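Note that the structure is predicted; figures quoted are calculated from it, not measured.
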Amino acid sequence: MLRVKVSVCIFTVAMMAAFLPGCYRMPINQGNRLEQTAIRRLKPGMTREQVRYLMGAPVLQEPFDQSHWNYISRYKTRSGEYKEHRIILEFKGDTLVQVTGGDDVPSAEERDDASEDILPE
């Protein structure tokens, strides 16, 4: 009888070990975390330091031409589809001149991995 109980316990633990890791997968997003609140705050005339404070460091920066900063965000939705968003910031000297893209970046509520926005309104 003891042998049966031990066998059942070992079987139960083995089955739990096999199936539990597949229950939850942590979302791994790549690139910058692009927030609508931060993008709306970008204004022509801001300095590079102000933009870096607001948006973080860009993922892609051309080594010989520092006038463009590229922010890219790639994440997986609950349906398994990958989405990618790009924002290109153009500088003239130390001043932000133009913002391209960012209109289709989802808000924190629309994303699957939504969390509290860290930037105050």
Side-chain angles (χ1 to χ4, degrees):
M1 188 64 172
L2 181 62
R3 215 179 212 181
V4 173
K5 287 182 182 180
V6 170
S7 297
V8 168
C9 286
I10 291 173
F11 178 76
T12 304
V13 169
M15 293 305 287
M16 287 175 61
F19 290 113
L20 280 181
C23 292
Y24 176 75
R25 290 187 183 186
M26 179 177 250
I28 300 174
N29 301 325
Q30 296 179 347
N32 295 94
R33 183 175 178 109
L34 301 175
E35 298 286 344
Q36 274 294 350
T37 54
I39 295 167
R40 282 193 300 251
R41 290 180 171 192
L42 289 172
K43 305 282 185 239
M46 294 177 82
T47 65
R48 288 177 188 260
E49 192 62 33
Q50 289 171 327
V51 172
R52 188 180 302 269
Y53 178 77
L54 187 63
M55 297 287 291
V59 169
L60 295 175
Q61 216 172 352
E62 297 180 28
F64 301 111
D65 180 17
Q66 297 292 318
S67 65
H68 290 84
W69 286 4
N70 298 294
Y71 290 88
I72 300 171
S73 174
R74 186 169 191 241
Y75 61 93
K76 189 175 183 181
T77 63
R78 288 186 184 166
S79 64
E81 177 185 4
Y82 282 96
K83 298 248 180 172
E84 183 173 294
H85 300 284
R86 292 176 176 258
I87 296 177
I88 301 169
L89 305 181
E90 185 178 339
F91 292 90
K92 187 171 188 178
D94 191 42
T95 307
L96 179 64
V97 178
Q98 183 178 6
V99 178
T100 308
D103 299 330
D104 62 341
V105 174
S107 65
E109 296 82 29
E110 295 170 336
R111 277 195 313 270
D112 292 336
D113 62 336
S115 62
E116 294 289 321
D117 284 339
I118 56 172
L119 293 172
E121 284 290 331

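Residue Thr95 holds its OG1 atom at 11.0 Å from CE of Met46, rounded to the nearest 0.5 Å. In this structure, CG on Leu54 lies 9.5 Å from CD1 on Ile39, to the nearest 0.5 angstrom. Going from atom CD1 of Ile87 over to atom OH of Tyr71 covers 9.0 Å, rounded to the nearest 0.5 Å.
Glu84 places a side-chain heavy atom less than 4.5 Å from the side chain of Ile72. At a threshold of 4.5 Å between non-hydrogen side-chain atoms, the residues Thr100 and Glu90 do not count as touching.
Arg52 pairs by the salt bridge (charged side-chain N to carboxylate O under 4.0 Å, His left out) definition with nothing, not counting sequence neighbours. In this view, Gln66 and Gln61 satisfy the side chain to side chain donor-acceptor pair (under 3.5 Å) rule, not counting sequence neighbours. Residues forming a side chain to side chain contact (heavy atoms under 4.5 Å, CB included) with Thr47 (at least two apart in sequence, or on another chain): Glu49, Gln50, Asp94.
Taking every heavy atom of both residues into account, Ala38 and Met55 meet most closely at CB-SD, 3.9 Å.
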